[in-house]
Amino acid sequence: MNRTARRLRTVTSVAAAAGCLVVLAGCGGGASHAVSTPGASIGTSTDQALPKAILDLPFTDSTGKTVHLSDYAGKTIVISDTMTLCQETCPLDTATVVQTARDEDKAGMKNVVYLSITVDPTRDTTPQIAAYRKLYSPAPSNWLMLTGSTSNVNTLWMFFGVWRQKTTDSGTAPKNWRTGKPLTYDISHSDEVFFLDQHGHERFILEGPPVTKESEIPKTVYTFMSASGHKNVLKPATTAWTESQAREVLRWVNQV
């Protein structure tokens, strides 16, 4: 199912939900706070149950362990598409997701797992994603980098509606920051962060790269980024989402 068709089927009326309140409990010592449903200016509200076939897809983390989305039943799951050899937008997404994980952990929100899943399984091998995660040392314990078979990765992103297209690098080919080998292709893709509630339902989507501080991106990654990537950091789009908005969404999804 293509991205547009899926969104038409899953998007709920944000305007109708704007006045809805939920009770947030169990965070930061158990205090209760009223949290409004995030508005359309932040992202897209959805309510789509993930089928068992998607929840049970096997992936591999940076230690070589096999994991499935179903392993995190009862937890809020934050899923972002990424690529360790991206030079433009992935570093912003990943850095902001990691910073969100750190800040929410400090705030006492423990029932969350953050999964950065590759769109480039051929090059994002276990050693590659392990080296990438190490760049964020000390990495949050509840943030995982995942890779998998091409079939499983494609199945996952087709379900979520993430657009991907393999392209040939033009001009001087950049080199893998880990191995030094010249890269022969790139993968253009859309940027989304998906929030799943504790019942396995997709509930909210942030789209496009976020506002990210250069200091939050590991030096090795920032050096590897292209001029376009640096521009995304220094001059973010007016539509770029922020960490505070991601945390707002997370606090809502964590209790719906």
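If you're wondering where the values come from, they're calculated on a predicted model, not measured in any experiment. Position 1 is the first residue of the sequence, and the numbers go up from there.
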Yes or no on side chain to side chain contact (heavy atoms under 4.5 Å, CB included) for Gln48 and Phe159, after CA distance, side-chain angles and deciding distance?
-> CA-CA 11 Å; Gln48 165 82 354; Phe159 173 81; 3.9 Å; yes
Parallel, tilted or perpendicular: which describes the rings of Trp177 and Tyr132, with under 30° parallel and over 60° perpendicular?
->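 Judged by the thresholds at 30° and 60°, the geometry between Trp177 and Tyr132 is tilted.
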Assess the side chains of [X] and [Y]: does a donor N or O sit below 3.5 Å from an acceptor N or O?
| X | Y | result |
| --- | --- | --- |
| Ser116 | Thr94 | no |
| Asp93 | Ser80 | no |
| Thr167 | Gln165 | no |
| Thr242 | Ser244 | yes |
| Thr147 | Thr60 | no |

Set of residues satisfying salt bridge (Lys or Arg N to Asp or Glu O under 4.0 Å) with respect to Asp56, sequence neighbours excluded =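 If we apply the salt bridge (Lys or Arg N to Asp or Glu O under 4.0 Å) test to Asp56, skipping adjacent residues, the hits are Lys52.
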Report the residues that fulfil salt bridge (Lys or Arg N to Asp or Glu O under 4.0 Å) with Asp197, sequence neighbours left out, ordered by chain and then residue number.
->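 Once residues adjacent in sequence are excluded, the partners of Asp197 under the salt bridge (Lys or Arg N to Asp or Glu O under 4.0 Å) criterion are Arg203.
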Non-neighbouring partners of Trp157 that pass ring-ring contact (aromatic ring centres under 6.0 Å, His included), sequence neighbours left out =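 With sequence neighbours excluded, Trp157 shows a ring-ring contact (aromatic ring centres under 6.0 Å, His included) to no residue whatsoever.
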Is any side-chain heavy atom of Leu146 less than 4.5 Å from a side-chain heavy atom of Ile129?
->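 No, side chains not in contact.
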Is the charged tip of Arg123 near the ring of Tyr185: under 6.0 Å from the six-membered ring centre and within 45° of its axis?
->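 Yes, Arg123 and Tyr185 form such a contact.
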Please assess Glu248 against Phe204 for the test side chain to side chain contact (heavy atoms under 4.5 Å, CB included), listing each intermediate value before the final yes or no.
-> CA-CA 11 Å; Glu248 176 184 344; Phe204 208 88; over 6 Å; no
Reported CG-to-CH2 distance for the pair Asp191 and Trp163, which is rounded to 0.5 angstrom =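 Here the interatomic distance stands at 10.0 Å.
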Check whether the ring centres of Phe195 and Trp252 lie less than 6.0 Å apart, and answer yes or no.
->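 When the ring centroids of Phe195 and Trp252 are compared, they turn out to be at least 6.0 Å apart.
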